[in-house]
Protein chains: 8
Amino acid sequence: ERVGFDEAILCARKSDAQLVTIMDRVLEQGESCLMTRLEPEVFDRFPAHHRARVDYDAVSRMGYFNWSRPRTTGPAQIAVVSAGSSDMPQAAEVIRTLTYFGAPTRQFIDIGVAGLWRLLGNVEELQKFPVIVAIAGMDGALPSVLGGLVPGVMICLPTSTGYGVSHSGQTALNAALASCAPGLTVVNIDNGYGAACAAYRALNMIRKAASLAQGC
Amino acid sequence: ERVGFDEAILCARKSDAQLVTIMDRVLEQGESCLMTRLEPEVFDRFPAHHRARVDYDAVSRMGYFNWSRPRTTGPAQIAVVSAGSSDMPQAAEVIRTLTYFGAPTRQFIDIGVAGLWRLLGNVEELQKFPVIVAIAGMDGALPSVLGGLVPGVMICLPTSTGYGVSHSGQTALNAALASCAPGLTVVNIDNGYGAACAAYRALNMIRKAASLAQGC
Amino acid sequence: ERVGFDEAILCARKSDAQLVTIMDRVLEQGESCLMTRLEPEVFDRFPAHHRARVDYDAVSRMGYFNWSRPRTTGPAQIAVVSAGSSDMPQAAEVIRTLTYFGAPTRQFIDIGVAGLWRLLGNVEELQKFPVIVAIAGMDGALPSVLGGLVPGVMICLPTSTGYGVSHSGQTALNAALASCAPGLTVVNIDNGYGAACAAYRALNMIRKAASLAQGC
Amino acid sequence: ERVGFDEAILCARKSDAQLVTIMDRVLEQGESCLMTRLEPEVFDRFPAHHRARVDYDAVSRMGYFNWSRPRTTGPAQIAVVSAGSSDMPQAAEVIRTLTYFGAPTRQFIDIGVAGLWRLLGNVEELQKFPVIVAIAGMDGALPSVLGGLVPGVMICLPTSTGYGVSHSGQTALNAALASCAPGLTVVNIDNGYGAACAAYRALNMIRKAASLAQGC
Amino acid sequence: ERVGFDEAILCARKSDAQLVTIMDRVLEQGESCLMTRLEPEVFDRFPAHHRARVDYDAVSRMGYFNWSRPRTTGPAQIAVVSAGSSDMPQAAEVIRTLTYFGAPTRQFIDIGVAGLWRLLGNVEELQKFPVIVAIAGMDGALPSVLGGLVPGVMICLPTSTGYGVSHSGQTALNAALASCAPGLTVVNIDNGYGAACAAYRALNMIRKAASLAQGC
Amino acid sequence: ERVGFDEAILCARKSDAQLVTIMDRVLEQGESCLMTRLEPEVFDRFPAHHRARVDYDAVSRMGYFNWSRPRTTGPAQIAVVSAGSSDMPQAAEVIRTLTYFGAPTRQFIDIGVAGLWRLLGNVEELQKFPVIVAIAGMDGALPSVLGGLVPGVMICLPTSTGYGVSHSGQTALNAALASCAPGLTVVNIDNGYGAACAAYRALNMIRKAASLAQGC
Amino acid sequence: ERVGFDEAILCARKSDAQLVTIMDRVLEQGESCLMTRLEPEVFDRFPAHHRARVDYDAVSRMGYFNWSRPRTTGPAQIAVVSAGSSDMPQAAEVIRTLTYFGAPTRQFIDIGVAGLWRLLGNVEELQKFPVIVAIAGMDGALPSVLGGLVPGVMICLPTSTGYGVSHSGQTALNAALASCAPGLTVVNIDNGYGAACAAYRALNMIRKAASLAQGC
Amino acid sequence: ERVGFDEAILCARKSDAQLVTIMDRVLEQGESCLMTRLEPEVFDRFPAHHRARVDYDAVSRMGYFNWSRPRTTGPAQIAVVSAGSSDMPQAAEVIRTLTYFGAPTRQFIDIGVAGLWRLLGNVEELQKFPVIVAIAGMDGALPSVLGGLVPGVMICLPTSTGYGVSHSGQTALNAALASCAPGLTVVNIDNGYGAACAAYRALNMIRKAASLAQGC
Ligand SMILES: Nc1ncnc2c1ncn2[C@@H]1O[C@H](COP(=O)(O)O)[C@@H](O)[C@H]1O
Ligand SMILES: Nc1ncnc2c1ncn2[C@@H]1O[C@H](COP(=O)(O)O)[C@@H](O)[C@H]1O
Ligand SMILES: Nc1ncnc2c1ncn2[C@@H]1O[C@H](COP(=O)(O)O)[C@@H](O)[C@H]1O
Ligand SMILES: Nc1ncnc2c1ncn2[C@@H]1O[C@H](COP(=O)(O)O)[C@@H](O)[C@H]1O
Ligand SMILES: [Mg+2]
Ligand SMILES: [Mg+2]
Ligand SMILES: [Mg+2]
Ligand SMILES: [Mg+2]
Ligand SMILES: [Mg+2]
Ligand SMILES: [Mg+2]
Ligand SMILES: [Mg+2]
Ligand SMILES: [Mg+2]
């Protein structure tokens, strides 16, 4: 693969027939694939022999098709940080994608700006991670605060939680993009898959640098 | 006055002739007035006898017309908090308006989210203020952080600083409105005059409650 | 609590499992909590032993969990003003939140700009309130009219009623923020909980000032 | 003319050469014309023999070209109402256009929602007018209040005054369109010419009805 | 009534209980009322004794409550023009409202810009109407074309038909407001009731002028 | 060239130094180029030896660099239609680009929807053109009307003329895209160059078909 | 037909009764018609004798009513290009419309920018087509890449696939309109019918040129 | 420094006096600083003794204050890719910031999607870079194409070049965020400084991994 990882199947807006065709082809080629935005009711309509090959999780709405868990080696180098229960599906999408790629993660929850002390209590730990995915909806203040405290690669994942002027995540997105904290990067609203891919790109480059250095 | 304070003259978009007529009328009635959004070049074109009666400040772009400073009594009960140099004009508009109303203020600058430690060093002090005006542009994260730490009346003043998705203050405005911190209130972008009026309304009610209580 | 009141549980977008976990924890710690945006059908799915501990109201979509009504003392100092039947859920959210906090309110309904005479008939009464929550959808003209007539702290709550260019409350929000009436403050669209918290912050400061003054 | 009045020349974005060509043609045909959005500096660059034929007014930025004032008959049937000094150019555009059409107007100024008593003092008078042009910027609350009090044809002219969420008149426009007051009609932001044409259409139909009735 | 006609009941967003209370009160006072945005399923849930008093129409989603048809006198003076079948509900809302007010209308359908010849074939007839309601969705070109051909009061009613950049009627609304045709007036998207009220205001003024003239 | 014509140089936002470098390179390679959005004051600052090689036109803000007019053969197959004087610069950009490409055009002006009779008088002529560029600002009604009357390739060029809800051409753009007239195509606001390229693509395919057919 | 093809019936927002009336009329006149946006459940509710005359396809949501397939002559001159499975309904709408018009098409799928090599492998083939419909959602990069490689008439059809900042197709639309590739033309989001009509206009002009040339 | 690099001074919107104060303080503390958005005319107004200490570049509008170039070691690991001359200022801002931080870069220009072959010719080289900053305005297609071809950390910098629906960079921003290419990250429009900081965060983590690995 040119970019270093497989593309996933975005199940939203695909018909049942299209999804079955894709799974057939994957099986034929003896491959596995990652399925995102797979609603429970769509999964339930899968033919039994396909459903049996899917490791499905309803919170992240993701399936691993024809996949066997790789042995994960080494400690987590990617931190996935979020404020609380509303952003759980997006956090799960990030973690499940990275698990599929074979990249261990460590999750930090209840790290919201409103309860600043909990966040501060974790800063020292977070400063050790080379890659951080910061998830936030509504006002999206978490990335700004975190970004001023840690040196790692910051990937901000705005979520569509909230109402009114939250504008389905647009405010959290804009807040992350306009942040005073320098060097934040951002992905599309609710794009947990994309945030995971971005984190994995960084991890790959770090691993490659380490193995090159080790080689000398 | 029904609402407890004078209306100000919004000088933007008024012709020189209109402004002179207003000042003439104010003089005739032996009154004073507050002039907002008064650009230096407009002020410079005022007739000399009017210009002599204006106490003008270029940072806040405000003038006190035919006004003599009241004796201010008691300690500051309104804190005006901002991140730094870019939001100075708006902070000045808040403070100058409250000075005109006879309400002492205390200014906190360099209290940005990026430098969280400076903010935390001031929290104890800020918790004592019954009214806080929190000024922030760009991502507007300051009000969210502050709002979770202090019990006073919070008036958020978003500013038009920033570029791109800052959208001339709209992102900071939305972030304050969508904040997770409970009980924040917000005024229009760059509306330092309005934030000051809101602070003054709260101060008036606090003063009234105190003098009623003292009366018993 | 640093800010003077408990945070509420925003039930929207939380799974049943997440809500049950939260209620379990609240019970364990012998506390109570306020639940907002709790849809009737979600409430109906609660386990019976939890449902029994919830004082639920379908209009405001709020529940008091494990809560016993405090003795409320003194007259209402917060007025909750709205135009009519369409904004009832938001008015209810404001009032139920303040009831939970132990703050008595007085409700004024049918105070719309279209029937200006009813509004004018209540002005004298409204001028006595130190804190007013003004609720309005569609064109949001009520806060502007009220704001020019009363001296108290004005908290405007725009609602998502209306269609077309009402833009789900955005027009009412902008009208309140851009109002000519000086010193209005605004909260997010349909954020009755936030308006109540803002009112409660002001009330707390007023009460504190009164008790300090009484102390002397 | 099919629609009952002449089209005007919108001078904005036309080159000097284009405007001269238009005036030449008007002269050749022995006609007159109304020029809108004619900036003073553009007018100053007109050839002298054309400038001499223009009755120019800088407030409304309008010129009457090759025109002689018609004898106006009868009392004013169109009221032009605005809040104050900021909306003066738009009010002037309405009045000057109707003057060109030979329709007398009566202007009401300082009729803002903030000073509700001044507005109420004029209601009885305003109820007599068959056609009212209501001009308002910022929050645009004036049309809503007026519309609930008078029976005439209501034409709302939103203006681009204000800043921040006034969004160059969009908020005032939306407030007028979303108004609770029934039967308001609206024209484009700052379109004083269009508001006048709309008023003139109504006046024409009223005059025609009257003369038909008189005929019987 | 100050404005010359009754306000209608906007049923959208009102609970069944609220609607029943309103109907009870109307009955008690021996009055009638007009109900708009009344969905069939809401109407079906009305108590039988109320349902019996409602003259309901599902296309316009309107009900006449406790109402008996007035004798309509004279020819139609209001034309209601639309392009075709998609805008039928809005046209029906205009016509049913005016019927309630006792104002006869004449409907022109299939008058779209795409089939320009049908429109042209009706121009002569349309030029006779003192008041025209022009209904258009999508690109909203109908009002612009019509407005250049007829002298009457033009009330444009943009509709939410269309998809993509139709933006739920916003494009048709803006096209009508920005029209080159002079003197068009506009109401909110899908606001058939408001368009009818505006037409009725004009009709009232025309009738009043006629009866005054006849009196002399 | 793969696409059948040269790319132009978009001069906006390029520094003088960058433009000179480009012209030097063009000269070196013995080529010519088309320069768009070339402001007069930028052109005036060109070195004399370059300025001498530019055939510049201030209305379209375009320059032909190092270019000699090709012999144009055959009749015009592309019609360029616009309403009037405000859209002249955009019409000029279309025509000058096509002239550069060697494609003769025929211009129709004063073809606005407001003066429908002028438009109708030209329909028969316009029906003969295989390619039509329809230019319109403000409400953008022209393409809709024209599109229902002619069979050729329709390329709509919305312009930024107008104010308020014209939104700098966005309303005209949306109206063309949402048009009821079937088969309209649209280019970016004020993109006369792009409209010309699109017209030229169509012309090329038509010419190619003709020469292929002639060959048989 | 003036424009060279029949208008289609847009079934969205039409009531069952309206659709039946239209089909009756088509039958009476011995014609056929094309029905777009015809949802399966609406089609299922058609009276049996009408349903029997409809050639319905659920992917494109289109019906051919009372239609018999014309003999198609000659090779496909219109290419319909899309990235993959999500844009299938829109591609189907284009192809089915052109089939109805009697214009053969050739479909290219899996031509996405992400898999650039597949796209490049088809360029030579695509360069032979005089007309190309390029379908793309999300970031809409396909038209830009294709437009720089082929000389034919380019008609871009943005789709509403994607989430977050895809903004229901607005981003893909804007990307196509703002493309650096010169001479792209664009239709409304998801407007497969319109894209087909535009392609058919071009095809008609090409065919006409060929037959004229052959004539000589 | 917690985040691994110095904050820059954003000179836009700061008064001359504020900038001088900042420079004084920097000098006093014997430090250096990076100044962004420093307009030539502002720089020219600096006091001579400060101007002498600024290494100023007008293209990037950046100054290095009191700074001496560090010895840069090792090959460039950050590629800065852009399409052409219009995006030069933003590319310069990225490169100058990284130079200040001591990180060597390699610049690729004329890599636009329109000239796909130039881009393809550089792919092999680009695949070697662990970090890539992809700069694009208008339709922003470059990041999508590049992102599917290279494995490194992708940081997209949308620029405000273009007009009409480019919406000052918003379209390029949204296209990058909505891209089909997996794992792209994005910064604010024209935020070259932020893109550089993000690249530097990644570089730091890579360097750290390498030196840790080397240590073992
Ligand atoms: N800077 C300002 N921002 C918002 N409102 C203002 C400002 N200055 C004055 N006002 C208000 O604007 C109104 C003055 O309008 P005018 O009569 O046009 O001077 C009054 O309601 C003032 O309270
Ligand atoms: N200030 C104005 N606002 C809106 N439309 C105007 C204005 N002045 C003139 N017009 C209209 O704009 C059109 C003139 O366009 P043009 O042919 O470019 O001069 C005519 O339809 C006029 O009725
Ligand atoms: N006025 C214009 N509007 C839109 N695109 C243009 C214009 N002039 C030139 N272009 C295109 O913009 C690109 C030139 O970009 P550049 O390399 O920065 O000169 C090429 O793709 C041109 O075809
Ligand atoms: N060009 C720039 N774009 C975005 N942020 C910047 C830029 N230059 C400096 N900054 C950041 O803006 C903040 C500086 O704000 P200030 O204290 O007002 O100078 C710091 O957080 C800098 O890292
Ligand atoms: Mg959150
Ligand atoms: Mg700031
Ligand atoms: Mg209301
Ligand atoms: Mg006003
Ligand atoms: Mg229509
Ligand atoms: Mg035009
Ligand atoms: Mg796609
Ligand atoms: Mg570019």
Side-chain angles (χ1 to χ4, degrees), chain A residues 1-8 10 77 97 123 127 129-132 146-156 158 173-174 176-189 191 193-216, chain H residues 1-8 10 77 97 123 127 129-132 146-156 158 173-174 176-189 191 193-216:
Chain A
E1 252 301 356
R2 273 175 212 98
V3 298
F5 50 89
D6 296 347
E7 264 192 51
L10 174 64
Q77 294 194 274
T97 300
V123 165
Q127 284 173 334
F129 280 82
V131 184
I132 295 179
L146 212 53
L149 299 171
V150 303
V153 170
M154 286 286 304
I155 298 162
C156 306
L173 172 72
N174 287 348
L177 287 165
S179 176
C180 302
L184 304 188
T185 64
V186 187
V187 300
N188 194 7
I189 298 161
N191 190 5
Y193 168 72
C197 291
Y200 192 59
R201 282 178 182 259
L203 184 69
N204 272 348
M205 294 302 116
I206 286 165
R207 286 174 170 174
K208 199 171 133 195
S211 66
L212 276 180
Q214 246 161 351
C216 65
Chain H
E1 253 300 355
R2 273 174 213 94
V3 297
F5 48 89
D6 296 348
E7 269 193 44
L10 174 63
Q77 294 194 275
T97 300
V123 165
Q127 285 173 334
F129 280 83
V131 184
I132 295 180
L146 212 53
L149 298 171
V150 302
V153 170
M154 287 285 304
I155 298 161
C156 306
L173 171 73
N174 287 347
L177 287 166
S179 175
C180 303
L184 304 189
T185 63
V186 187
V187 300
N188 194 9
I189 299 159
N191 190 3
Y193 168 73
C197 291
Y200 192 59
R201 281 177 182 260
L203 184 69
N204 272 348
M205 295 302 116
I206 287 166
R207 285 174 171 176
K208 199 170 132 194
S211 66
L212 276 179
Q214 247 163 348
C216 66

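Every chain is numbered from 1, with letters handed out A, B, ... down the list of sequences. Below, all heavy atoms of this structure are taken into account, side chains as well, without hydrogens, waters or symmetry copies.
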Greatest number of heavy atom pairs closer than 4.5 Å to chain H - which of Lys208(A), Arg207(A), Arg201(A): Arg201(A)

Chain H interface, residue from Ala178(A), Ala210(A), Gly194(A) that has the most non-hydrogen pairs under 4.5 Å: Ala210(A)

pair Leu184(A)-Val187(H): side-chain heavy atoms closer than 4.5 Å: no

Flag side-chain contact, heavy atom, 4.5 Å: Val3(A) against Leu149(H): no

For Ala176(A), side-chain contact (heavy atoms from CB on, under 4.5 Å) partners two or more places apart: Cys156(A), Val186(A)

Partners passing side-chain contact (heavy atoms from CB on, under 4.5 Å) against Pro182(H) (at least two apart in sequence or in another chain): Phe5(A), Glu7(A), Tyr193(A), Cys197(A)

Residue, of Gly152(H), Ala199(H), Ala202(H), Ala196(H), that accumulates the most heavy atom pairs under 4.5 Å with chain A: Gly152(H)

Heavy-atom proximity to chain H below 4.5 Å, by part of Ile189(A): neither

